[in-house]
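Side-chain atoms are counted along with the backbone in the values below, which use heavy atoms only and exclude waters and symmetry mates. Positions are given from 1 along the sequence. Order of appearance sets the numbers: ligands from 1, and atoms from 1 within every ligand.
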Amino acid sequence: MTFSTHRRGWLQAALAGAGALALGACDRITGNPKGIGFLAGAEGLTRRAQRLVVDRKALAHEFHPSDISSDFRPNGSIDPSDTDYVALRDKGFADYRLVVDGLVDRPLSLSLADLRAAPSRTQITRHDCVEGWSSIAKWTGARLGPLLDQAGVKKTARYVVFHCGDTLEQTLDGSGQYYESIDLIDAYHPQTILAYAMNDRTLPVAHGAPLRLRVERQLGYKQAKYIMRIEAVADYAQLGRGKGGFWEDRGYEWYAGI
Ligand SMILES: Nc1nc2c(c(=O)[nH]1)N[C@H]1C(S)=C(S)[C@@H](COP(=O)(O)O)O[C@H]1N2
Ligand SMILES: [Mo]
């Protein structure tokens, strides 16, 4: 399966989903003959569907260096005590490998040097936590899209899951390990990066060293820190408690788009 065929596949799936949404919107505006005329036509539906997909692809606002917060607070896990993580950290992450596997043709195991050599992006963006605070920082990292292409994501994959190195809640069944998931539209968004630097310095442990996600059209809890493994999946129901992320398993929305 080549990437371009695959890409068409998920775009078509996204368009079909958006088309269904457009029908819902069409129902709601009955009484507006002009609206019905526009939306009921196949061409109108396609146009509206395309607009919804285009919205998901829009860039998050990028700020000026003078906007960078001097006091970006770390949140959630800030110093993981998990044995495997501590062992990596104590060696300055020299033995770190990012695993990319699951529904891929070519599983990857990447060192930090590999990640730093991969296609990258730098962006100054605002992080919005559901707790009601925001901070602005400059992030540099490897773009997720090209890495997924390198691995060859299979057509059956619909999400990518980020398995993290920290346990945020002690539970008997291990479901307290942090994880997150995003769909392929967010995964291939140009501002979606695996950040290894923050404000031009190596990413600090408190903010997710050695690698954390920046998925700029989503809220704070989607920004997985301490990423150890990225798994392409068809469904996230089998993971954790089945809701697609640590906080989703505890009641937060899976789709945290902003
Ligand atoms: N692995 C992991 N990722 C995580 C968290 C966490 O506890 N563990 N907390 C999330 C939440 S709620 C927020 S707001 C951000 C905080 O990122 P920061 O520490 O850089 O501020 O990380 C998110 N990603
Ligand atoms: Mo958050």
Can you sort out which atoms of ligand 1 are near [X], meaning under 4.0 Å from one of its heavy atoms?
X      : result
Arg73  : 21 (O)
Tyr226 : 1 (N)
Trp133 : 14 (S), 21 (O)
Phe72  : 20 (O), 21 (O)
Cys129 : 14 (S)
Cys164 : 1 (N)
Gly76  : 7 (O)
Tyr221 : 10 (C), 11 (C), 12 (S)

Students should be able to answer this: which protein heavy-atom is nearest to [atom], and at what distance?
atom                    : result
atom 3 (N) of ligand 1  : Lys225 N, 3.0 Å
atom 7 (O) of ligand 1  : Ser77 N, 2.9 Å
atom 23 (C) of ligand 1 : Gly220 O, 3.3 Å

Test of proximity, Asp166 against ligand 1: N or O pairs below 3.5 Å: yes
Polar proximity ligand 1 side, Asn75 side, N/O cut 3.5 Å exclusive: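 So ligand 1 has an N or O lying under 3.5 Å from an N or O of Asn75.
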Trace of the ring pair (Phe, Tyr, Trp, His ring centres under 6.0 Å) decision for Tyr85 with Phe93: CA-CA 9 Å; Tyr85 181 82; Phe93 301 109; 5.7 Å; yes
Winner among Arg212, Gln223, His207 once heavy atoms are compared against atom 17 (O) of ligand 1: Arg212
Identity of the nearest option to atom 6 (C) of ligand 1, non-hydrogen atoms only, from Phe162, Tyr178, Trp139, Trp247: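 That would be Tyr178.
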Aromatic Phe246 / basic Arg250 pairing, under 6.0 angstrom, 45° off normal: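 Pair Arg250/Phe246 counts as cation-pi.
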Report yes if the side chains of [X] and [Y] come closer than 4.5 Å at any heavy-atom pair, otherwise no.
X      : Y      : answer
Glu248 : Glu180 : yes
Met228 : Tyr96  : yes
Arg106 : Gln150 : no
Lys138 : Asp200 : yes
Leu59  : His189 : yes
Leu203 : Leu211 : no
Tyr178 : Lys225 : no

Geometric class of the His207/Trp139 ring pair [parallel <30°, tilted 30-60°, perpendicular >60°]: perpendicular
Residue among Asp79, Asp84, Asp95 satisfying salt bridge (charged side-chain N to carboxylate O under 4.0 Å, His left out) with Arg89: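 The passing option is Asp79.
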Would you call [X] a ligand 1 contact, heavy-atom distance under 4.0 Å?
X      : answer
Ala206 : yes
Tyr85  : no
Tyr179 : no
His127 : yes

Flag, side chain of Gln218 to backbone of Tyr255, donor-acceptor distance under 3.5 Å: no
